[in-house]
Amino acid sequence: MAMEKTFNAAEAEERLYTAWEQSGAFKAGANASRPETFCIMIPPPNVTGSLHMGHAFNNTLQDILTRWHRMRGFDTLWQPGQDHAGIATQMVVERELAKTNRRRTDMSRDEFTGLVWEQKQKSGNTIIDQLKRLGASCDWSRNAFTMSGAPNAPKGEEGNFHDAVIKVFVDMYNKGLIYRGKRLVNWDPHFETAISDLEVEQIEVQGQMWHFKYPLAGGETYEYVEKDEDGNVTLREVRDYISIATTRPETMLGDGAVAVHPSDERYAPIVGKLCEIPVGPKEHRRLIPIITDEYPDPTFGSGAVKITGAHDFNDYGVAKRGNIPCYRLMDTKAAMRADGAAYAEAATIAMAVAKGERQLSEAETDALNLVPDDLRGLDRYEARKRVIDQITSEGLAVTVLHKSIDKETGAEHLERIPLVEQNKMMQPHGDRSKVVIEPMLTDQWFVDTAKIVEPALEAVRKGMAAQEAGSFDPDAGYTRILPERDAKTYFHWLENIEPWCISRQLWWGHQIPVWTAMVPNLKGEPGTWRMSVADSIPLSRAMDFKRENKFDEDALGGKLTSGGILTMEFCAASAEEAKEQIRKVWIDRAGYAPANLVEVDHEPHMWPDDTNFPVASNDIPMWRDPDVLDTWFSSGLWPIGTLGWPEETEELKKYFPTDVLVTGFDIIFFWVARMMMMQLAVVDQVPFHTVYVHALVRDEKGKKMSKSLGNVLDPLDLIDEYGADAVRFTLTAMAAMGRDLKLSKDRIAGYRNFTTKLWNATRFAEMNSALCRDAVGTDAIRVPDANHTVNRWIIGETARARIAVDEALGQFRFNDAANTLYAFVWGKVCDWYVEFSKPLMDGDHAAETRATMAWVLDQCYILLHPIMPFITEELWALTGERAKMLVHADWPSYGPELIDENADREMNWVITLISEIRSARAEMHVPAGLKLPIVMTAMDDRGRAAWVGNEPMITRLARLDGMTEGAAPKGAITVAVEGGSFAIPLEGVIDIAEEKARLSKTLEKLERDMGGLKGRLNNPKFVESAPEEIVEETREKLALAEEEAAKLKAALKRLSDIG
RNA sequence: GGGUGAUUAGCUCAGUGGUAGAGCGCUUCGUUCACAUCGAAGAUGUCAGCGGUUCAAAUCCGUUAUCACCCA
């Protein structure tokens, strides 16, 4: 059966992948023949995701490493799986719901997560199928999911990832590595959740800055003096206000102070005084102190900064330092608060605080709503407009003179208008929601990263030192990051690490395993029924309040030994375990355990004497923290979690620590650093010994591919058009470390052509019965016994390719491996060996040539397989009866022993000769089809032998017709090679002047080179200092160049003699 | 503002001390029995500028310029 003319990738790929999977070719340990293991963890794609170019690139590299190790007999596992991707997935489902006008809050949490699970089961296989199309050889039977085993996971989603996550949380909590605190966090008003610093994108926008006057309290005045750089007074006036510049007028309502730099002389007279926030009902204008802090930049704006600790990160720092209250102004949707007591009451309390008459606890401060009644409930931007209007109409906006010309009368018109500066500013946006982030003071859970960062730093410091010293040992327990630059990024981030906010106000995710319950108060303080400030406030928060009313013990059975209750948090792997802990506390404090501990849905916002209280009067309620964990908390456990931890599975023992992590630099912080920290914190081992960081795929112009730019190349379209092998090869060839990878279709088409080339070389062999199946007595493993130089040469070249490929892959130089193979297969095998072999297919060397051809092609298939698995597997099957599929074929280990230096030298001589003749012919415009005689004008023995041994190939490829020996005839072109020269008579055909020009040009270049070489050799310092082999090499080069130059000169002289 | 990196052929990029390479594109030629998804030949570079180290610098160091990315 003759082969088709080209490889039909579309037809073959699915068939081949199915065959691999059905034979269990990708299973952990398949084809293992040695004790070493090799394990890669896939960076888990989002479960709702689909394959983009970055995935294609990332997974191609992983697949190459995996297939390469598997063929080499390592016990190999490529562990696949998906990430539950909290925000992203919840977003998908909520968007679905919105289509039918439903919201998540219309249903229960369980109902909603049930829908998410449905979505997961519907779309979760999409990316898996896409990875299969790419040829990814993951062990799909082990496919993992970061939410597997979660409480309401449906059938088929068992597994223990959830258990692992919860166990880690509990352990870290117990070790004091996780804490809860009220902090200013990045709040996403769209998803109504906190997000981590890393999930915030800074986007440059056109911003506006308003300038407002904050009047001094009691109508006080001071002399305001401005000076230029030289100290000359440029402005001197009496002011009764301080001027403030802000980009966020609506947050003025929550100002706690105005700060100026301690060195700022302009405001020195009024530091310590009070000023008035120029907005809100006149009768309740709040006064705030003017303080000093290092933060304000005297050269920016007016030099005075309003401090709104609850809505700005810099202000928060100032507020903490200066003990300034942080008043929260907005709700979870970033609308102005509408809760709590009326403005008048709240403002009165705040005034008392500002005057130092009163202290508020953190919770009391938070409960205070300082939004004036007319602004309550408004969106933050609407509130901004109103605030600006109100201040402006009151004449408290800083104004400038504005000249306008009346269009009709042409009269100039001067007026004062409010000063509004237009500035470009960086504004934080949610990376998922794209809405403006609102810094928000909320209770969140944090990992105390400072406590776990050091081992993660140390492991990489050691790994990088070993890498640098060339003594890297994969089993030494440290980790290297390649390329080195990314290690710097890693260090830089970890050395400046901030606490990691891990709680998210979402429903889809691992719910935080912390319960709160009412327990007896040991301190004997009175309990409380009612808030002093706000009504609807969570119980736990209320407990911080100053207690005003006596607790009625009867409501809880009247058995408390001391005066009250408070709430206490319990971290436990399950509700049952939490109950155990709660009972212990009760017994310890009250001497008995409550009859019933009842888990309620959420924290009761009422008191036990309320008729609607969710539990019976002698039951004790407990409720679980409603928040879920940041997705990266669970993916941070990916290496151990997928291997079955905390169970001590065989796989965990065998494959952990894993070997290589292949990832893009964009998730070094998100993921790599956190895996390092968490694995070290939890199991005290590094998760992998090597992190290979690759480039980001961009479009032809270097732009990041994005849907909004419309420049996305869909890998599946490309696979459809060019085949998976071509796409893979392209990505591999362009994978030079750490750069951007710009992808163009031309390039892919080029590598598709490469697959065709390989296919056709095989077709040639097929037509000449030179395939594995034809070549008796040889196979892929046994190197053929060859005598002919051509065969010995290509065998040596094959060995060189194998050595280079192994070395390149060993160093993660994927592009070197691809380019080596490209050059070998196309440039050596197809361009030369196939051509050389043609005259050898008959005669004495026919059998060994067929055997060699078959072997060489087999080696091409094997060596190319990790990069181009499909076409090579197909050719492997087509060309012979094989014991194993190519995916499990044995990777060769032959080396320099196959390189025959003499064959090498001889074939290089032949190739040079043919190239020279072709070049001369083309430049002399000799018709391509014309066969020419050739005269050997001078030749040493080695040259003669080379000619004799290869004459049929030379005459064929250089289009010659018979060789004679003798003097160069008149009107001939000269071809100089090592050991002698040839002449090709072209009497009457060549243009002598043209030939002269050609030779002169060559000679000129040669002489330039010789000049450089001579210069170096004549420099005594070079001969003294340079390594001997370099000096020797230089001498040889010079000798060769001189020899060739002499021949060219002789040829030129002959031409001159003719005329 | 801080950090990291880049600047090499028309384009996209390799190249970590020994005198510059690849692919694509371009020009010319070619229906040679594996392949036109092909073959043969060719052109194009002060390796961003300046200074330094070295026998020797695209490569190491310093500096300037421009650009990119990350973090504030």
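Lettering of chains follows the sequences in order, A, B, ..., and the numbering in each one begins at 1.
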With sugar-phosphate meaning primed atoms plus P, OP1 and OP2, does [X] contact a base, only sugar-phosphate, or nothing at under 4.0 Å between heavy atoms?
X: A:Arg747; result: base
X: A:Lys1037; result: sugar-phosphate
X: A:Thr489; result: nothing

Can you check the distance between [N] and [M], where both ends of the measurement are the [atom1] atom (answer in whole Å)?
N: B:G17; M: B:C71; atom1: P; value: 33 Å
N: B:U54; M: B:G15; atom1: P; value: 28 Å
N: B:A43; M: B:G25; atom1: C1'; value: 13 Å
N: B:A22; M: B:A14; atom1: P; value: 16 Å
N: B:U4; M: B:U63; atom1: P; value: 13 Å
N: B:U59; M: B:A6; atom1: C1'; value: 15 Å
N: B:A34; M: B:U27; atom1: C1'; value: 28 Å
N: B:U32; M: B:G39; atom1: C1'; value: 10 Å

Nucleotide [N], atom [atom2] - distance to [atom1] of [X] in whole Å:
X: A:Leu932; N: B:A40; atom1: CG; atom2: P; result: 18 Å
X: A:Glu1029; N: B:G17; atom1: CD; atom2: C1'; result: 13 Å
X: A:Gln811; N: B:U16; atom1: CD; atom2: P; result: 11 Å
X: A:Asp1009; N: B:G18; atom1: CG; atom2: C1'; result: 14 Å
X: A:Asn819; N: B:U12; atom1: CG; atom2: C1'; result: 13 Å
X: A:Phe754; N: B:A36; atom1: CZ; atom2: C1'; result: 18 Å
X: A:Leu718; N: B:U37; atom1: CG; atom2: P; result: 19 Å
X: A:Asn314; N: B:A72; atom1: CG; atom2: C1'; result: 9 Å

salt_bridge(A:Lys1005, A:Glu1044) N-O dist < 4.0 Å
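Salt bridge absent between A:Lys1005 and A:Glu1044.
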Considering only NZ, NE, NH1 and NH2 on the basic side and carboxylate oxygens on the acidic side, decide whether A:Lys488 and A:Glu484 come within less than 4.0 Å.
no
Protein-nucleotides 26-34 of chain B N/O pairs closer than 3.5 Å?
from, atom 1, to, atom 2, distance (Å)
B:A34, OP1, A:Lys838, NZ, 3.2
B:A34, O2', A:Asn760, OD1, 3.1
B:A34, O2', A:Arg763, NH1, 3.3
B:A34, N6, A:Cys830, O, 3.0
B:A34, N6, A:Glu835, OE2, 3.4
B:A34, N3, A:Asn760, O, 3.2
B:A34, N3, A:Ala761, N, 3.3

Any sub-3.5 Å donor-acceptor pair from A:His429's side-chain atoms to A:Val436's backbone N or O?
no
Does a distance-only test, which skips hydrogens and angles, find a donor-acceptor pair under 3.5 Å between the side chain of A:Arg485 and the base of B:U4?
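For A:Arg485, whose side chain was compared with the base of B:U4, there is no donor-acceptor pair (under 3.5 Å).
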Does [X] put a side-chain nitrogen or oxygen below 4.0 Å from OP1 or OP2 of [N]?
X: A:Trp832; N: B:A40; value: no
X: A:Lys488; N: B:G5; value: yes
X: A:Arg813; N: B:G15; value: yes

Residue met sooner reading RNA chain B from 5', once A:Ile1030 and A:His492 are mapped to nucleotides:
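Upstream on the strand: A:His492.
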Please compare A:Asp816 and A:Arg752 by the position of their nearest nucleotide in RNA chain B and report the one closer to 5'.
A:Asp816
Pairs under 3.5 angstrom, nitrogen or oxygen only, protein versus nucleotides 55-58 of chain B, please.
from, atom 1, to, atom 2, distance (Å)
B:C55, O2', A:Asn1019, ND2, 2.8

Can you give the dot-bracket line for RNA chain B, where a pair is Watson-Crick or G-U wobble with both atom distances under 3.5 Å, crossing pairs use [ ], and | marks a partner on another strand?
((((((((.[[[[.)..(..]]]].(((((.......))))).....[[[[[..)....]]]]]))))))).
Mind checking what makes side chain to side chain donor-acceptor pair (under 3.5 Å) contact with [X], not counting sequence neighbours?
X: A:Thr974; result: A:Arg1054
X: A:Asn186; result: A:Asp197
X: A:Glu835; result: A:Lys838

What pairs with A:Arg1035 under side chain to side chain contact (heavy atoms under 4.5 Å, CB included), at least two apart in sequence or on another chain?
A:Leu1017, A:Val1023, A:Val1031, A:Glu1032
Which side-chain N or O atoms in residues 916-924 of chain A pair as donor and acceptor under 3.5 Å with protein atoms at least two apart or in another chain?
from, atom 1, to, atom 2, distance (Å)
A:Arg918, NE, A:Leu957, O, 3.2
A:Ser919, OG, A:Glu923, OE2, 3.4
A:Arg921, NH1, A:Leu930, O, 3.1
A:Arg921, NH1, A:Ala958, O, 3.3
A:Arg921, NH1, A:Arg959, O, 2.8
A:Arg921, NH2, A:Pro927, O, 3.2
A:Arg921, NH2, A:Ala928, O, 3.2
A:Arg921, NH2, A:Leu930, O, 2.7

Any side-chain donor near an acceptor of the partner, A:Tyr861 and A:Thr879, under 3.5 Å:
no
Not counting sequence neighbours, list each pair that qualifies as a side-chain hydrogen bond (donor to acceptor under 3.5 Å, both in side chains) and has a residue in residues 749-761 of chain A.
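Qualifying pairs, neighbours excluded: A:Arg747-A:Tyr751, A:Asn760-A:Arg763.
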Qualifying residues under salt bridge (Lys or Arg N to Asp or Glu O under 4.0 Å), relative to [X], sequence neighbours excluded:
X: A:Arg1008; value: none
X: A:Glu721; value: A:Lys745
X: A:Glu438; value: A:Arg248, A:Arg380

Any heavy-atom pair between the side chains of A:Trp671 and A:Pro43 that's under 4.5 Å?
yes
